[in-house]
Amino acid sequence: MKQKDLLEKNEIIMWSEEKIRDFRATLLQWYDENKRDLPWRSTSDPYYIWVSEIMLQQTQVDTVIPYYKRFIETLPTIEDLAKASEETLLKLWEGLGYYSRVRNMNVAANQILEKHEGKFPTAHKDVLNLKGIGPYTAGAVTSIAFNQPQPAVDGNVMRVLSRLFEIDLDISKASTRKVFEEMIRRLIDPDRPGDFNQALMDLGATICTPKNYSPENSPVKEFNASYLNESWEKYPVKKKKNKVTEQTYYTVMVKNKEGEYLYKKRPSKGVLAGMHTPLMIDRKDLNEEGWKAFNQKELYDSRLSQELEQIIKETYDLKVTVNEQPKGVVAHVFSHLKWEMIVFEAVLIEELSHSSELKWIHADRFDEEMFPMPTQKVNKLVNTLTLF
DNA sequence: AATTCGTGGGC
DNA sequence: TGCCCAAGAAT
């Protein structure tokens with residue numbers, strides 16, 4: 001009753017039962033003949049399906065494949081995942097981004113050990129209660145691994161359905177997903193729910209794409225209202241994103257007599273939580289007269305390096321000498337912000353006290369350590385140029 | 001409900 | 001280059 005209203009309220013007319021059956025058959029036949037051969041499609045183990053679905057969140061298939069293979073080889077069971085150290089997990093995830101995903105998986109693995117005797121739960125509500133598993137992933141795992149008729153609505157599915165039904169709802173709004181879920185509950189093939197969900201996603205990824213979309217190539221074009229009505233360029237409706245905010249950091253790579261570089265562990269919340277970056281001083285925290293006077297002309301002099309030295313001494317209890325001229329500039333764009341890192345090299349004079357937040361790492365060990373991409377870029381800047 | 005979480009690819 | 005996008009979830 002309540003969910004029936006959800007479609008009516010949004011003026012969505014569901015197809016007849018006959019048309020729905022026809023659609024299922026057409027879509028699944030196309031899927032059987034054209035589905036992509038992906039590593040996680042050769043298993044029905046919910047653990048492996050789970051790993052793949054977490055990696056695939058906001059991440060393209062081609063990027064995920066090598067990470068997926070390495071991950072399940074290193075941690076072949078849920079118990080292995082539960083017992084793994086954070087360093088191991090982060091190293092396996094290095095470069096994938098959204099690092100809370102792997103931390104949450106570790107938490108969820110322990111939830112499974114404690115609440116489900118180490119066996120991946122089959123009940124949808126239990127799956128949804130696992131850390132890091134939301135509506136999409138719960139539906140994906142239960143439908144694919146356990147053949148349950150649960151919707152798995154991701155960006156592909158919303159785009160496909162928007163075009164099939166000429167849906168005018170904004171797919172960037174959180175409330176919209178529930179409408180698509182209700183549509184999928186009507187449409188999903190009760191005999192092959194996992195394949196049905198994956199077929200919609202494959203269709204979205206390979207034919208019903210965001211760009212370069214040609215609806216006449218779609219195996220379900222006869223069901224596509226926006227194609228038949230020539231309105232397909234309007235869909236999906238999606239609000240444009242806000243511009244990213246830019247932040248400029250004076251980034252100081254301090255080197256000690258042993259040739260090690262200094263990194264700071266970031267706070268446990270926020271951007272790159274718990275990860276290591278060089279010392280970063282927000283330009284806004286500097287004496288405004290100072291940086292404005294010479295930085296705008298890309299000119300640097302000892303006033304800046306001396307101010308950086310003073311801030312580093314006050315903040316970290318380190319006596320350092322900062323080079324007058326920067327080594328270079330590193331830019332890194334996140335989803336919602338952009339870092340400009342003006343990189344200075346420095347040498348350690350004296351460590352007045354020791355902090356557990358600070359870590360010295362030699363360049364020879366860079367491969368063994370986990371660094372987020374901005375740090376890797378700075379490492380490369382400082383190192384490659386030093387080689388010559 | 002709107003923000004905040006990375007990174008790489010495509011055009 | 002700058003912007004969009006990618007098998008989303010937590011807060």
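Below, chains carry the letters A, B, ... as their sequence lines are ordered, and counting in each starts from 1.
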### Same-atom distance (P) from B:dT3 to C:dA7, integer angstrom
24 Å
### Summary
Ranking C:dC3, C:dA7, B:dT4 by distance to the side chain of A:H336, first place goes to B:dT4
### Query
Would one find a side-chain N or O of A:K338 under 4.0 angstrom from OP1 or OP2 of B:dG6?
no
### Query
So does A:T137 reach the base of C:dG8 with its side chain, donor to acceptor, closer than 3.5 Å?
no
### Message
If you only use heavy atoms from C-beta on, which nucleotide in C:dA7, C:dC5, B:dG6 is closest to the side chain of A:K241?
### Response
C:dC5
### Query
Base, sugar-phosphate, or nothing for A:I54, non-hydrogen atoms under 4.0 angstrom?
nothing
### Query
Expressed in angstrom and rounded to an integer, what is the separation of A:K269 atom NZ from B:dG6 atom P?
13 Å
### Message
Strictly below 4.0 Å: does A:H332 bring a side-chain N or O up to OP1 or OP2 of B:dT7?
### Response
yes
### Separation of atom OH in A:Y136 from atom P in C:dA9, rounded to whole Å
8 Å
### Task
With heavy atoms under 4.0 Å as the rule, sort A:K131 into base, sugar-phosphate or nothing.
sugar-phosphate
### Query
Is the number of heavy atoms from other residues, nucleotides or ligands within 6.0 Å of CD (A:E33) greater than 12?
yes
### Task
Check each of A:F71, A:W50, A:Y68 against A:W40 using the ring-ring contact (aromatic ring centres under 6.0 Å, His included) test, and report the only one that passes.
A:Y68
### Query
What is the nucleic acid contact for A:I144, judged by heavy atoms within less than 4.0 Å: base, sugar-phosphate only, or nothing?
nothing
### Query
Would you say the side chain of A:L187 lies within less than 4.5 Å of the side chain of A:W15, judging by non-hydrogen atoms?
yes
### Message
Please tell me whether A:Q150 and A:S143 have a donor and an acceptor in their side chains that are separated by less than 3.5 angstrom.
### Response
no
### Task
List in numerical order all residues of residues 157-164 of chain A for which some heavy atom is under 4.0 Å away from an atom belonging to DNA chain C.
A:R159
### Query
If you look at every strand shown and take non-hydrogen atoms under 4.0 Å, does A:A205 touch a base, only sugar-phosphate, or nothing?
sugar-phosphate
### Message
Please tell me if A:Q58 has a side-chain N or O lying less than 4.0 Å from either OP1 or OP2 of C:dG8.
### Response
yes
### Query
From C:dC4, C:dG8, C:dA7, pick the nucleotide closest to the side chain of A:Y98?
C:dG8
### Query
Where the side chain of A:P135 is defined as all heavy atoms beyond and including C-beta, which of C:dA7, C:dA9, B:dC11 is the nearest nucleotide?
C:dA9
### Message
Once hydrogens and angles are ignored, does a donor-acceptor distance under 3.5 Å link the base of C:dA9 to the side chain of A:R177?
### Response
no
### Task
From the options C:dG8, B:dG9, C:dA7, select the nucleotide whose nearest atom is closest to the side chain of A:R41.
C:dA7
### Task
Classify the nucleic acid contact of A:V64 as base, sugar-phosphate or nothing, counting any heavy atom under 4.0 Å across all strands shown.
nothing
### Query
Rounding to the closest angstrom, what is the interatomic distance between C:dT1 and B:dG6 at atom P?
24 Å
### Task
Rounded to whole angstrom, note down the P distance from B:dC5 over to C:dG2.
23 Å
### Message
For A:Y31 and A:T26, which I'm curious about, is there any donor-acceptor pair between the side chains at under 3.5 Å?
### Response
no
### Query
Should A:S52 be listed as having a side-chain N or O under 4.0 Å from OP1 or OP2 of C:dA7?
no
### Task
Measure from the side-chain heavy atoms of A:Q57 and tell me the nearest of C:dC4, C:dA9, B:dT4.
C:dA9
### Query
Base, sugar-phosphate, or nothing: which does A:G270 touch, judged by heavy atoms less than 4.0 Å apart?
sugar-phosphate
### Task
Look at A:Y99 and B:dT7 and indicate whether a side-chain polar atom (N or O) is within less than 4.0 Å of OP1 or OP2.
yes
### Message
Need to verify one output field. Residue with the more 5' nearest nucleotide on DNA chain B, A:L337 or A:K173?
### Response
A:K173
### Message
Classify A:T63 by what it touches in the nucleic acid, base, sugar-phosphate, or nothing, heavy-atom distance under 4.0 Å.
### Response
nothing
### Message
Side chains of A:K377 and A:H332 only: does a donor on one sit below 3.5 Å from an acceptor on the other?
### Response
yes
### Candidates B:dT4, C:dA6, C:dA7 - which lies nearest the side chain of A:D202
C:dA7
### Task
Could you check how far CD1 of A:I171 sits from P of B:dA1, rounded to whole Å?
17 Å
### Query
If you look only at pairs with a residue in residues 104-116 of chain A, which of them pass as a side chain to side chain donor-acceptor pair (under 3.5 Å), with sequence neighbours excluded?
none
### Query
Just wondering, more than 12 heavy atoms not from A:E11 lying within 6.0 Å of its CD?
no
#### Entry: For atom CG of A:N242 and atom P of B:dT3, their distance in whole Å
6 Å
### Query
Using a cut-off of 4.0 Å on non-hydrogen atoms, how would the nucleic acid contact of A:W93 be classed: base, sugar-phosphate, or nothing?
nothing
### Query
Can you find a donor-acceptor N/O pair under 3.5 angstrom joining the side chain of A:T59 to the base of B:dG6?
yes
### Task
Using the side chain to side chain donor-acceptor pair (under 3.5 Å) rule, collect all pairs that involve residues 207-223 of chain A, keeping only residues at least two apart or in two chains.
A:Y213-A:N224
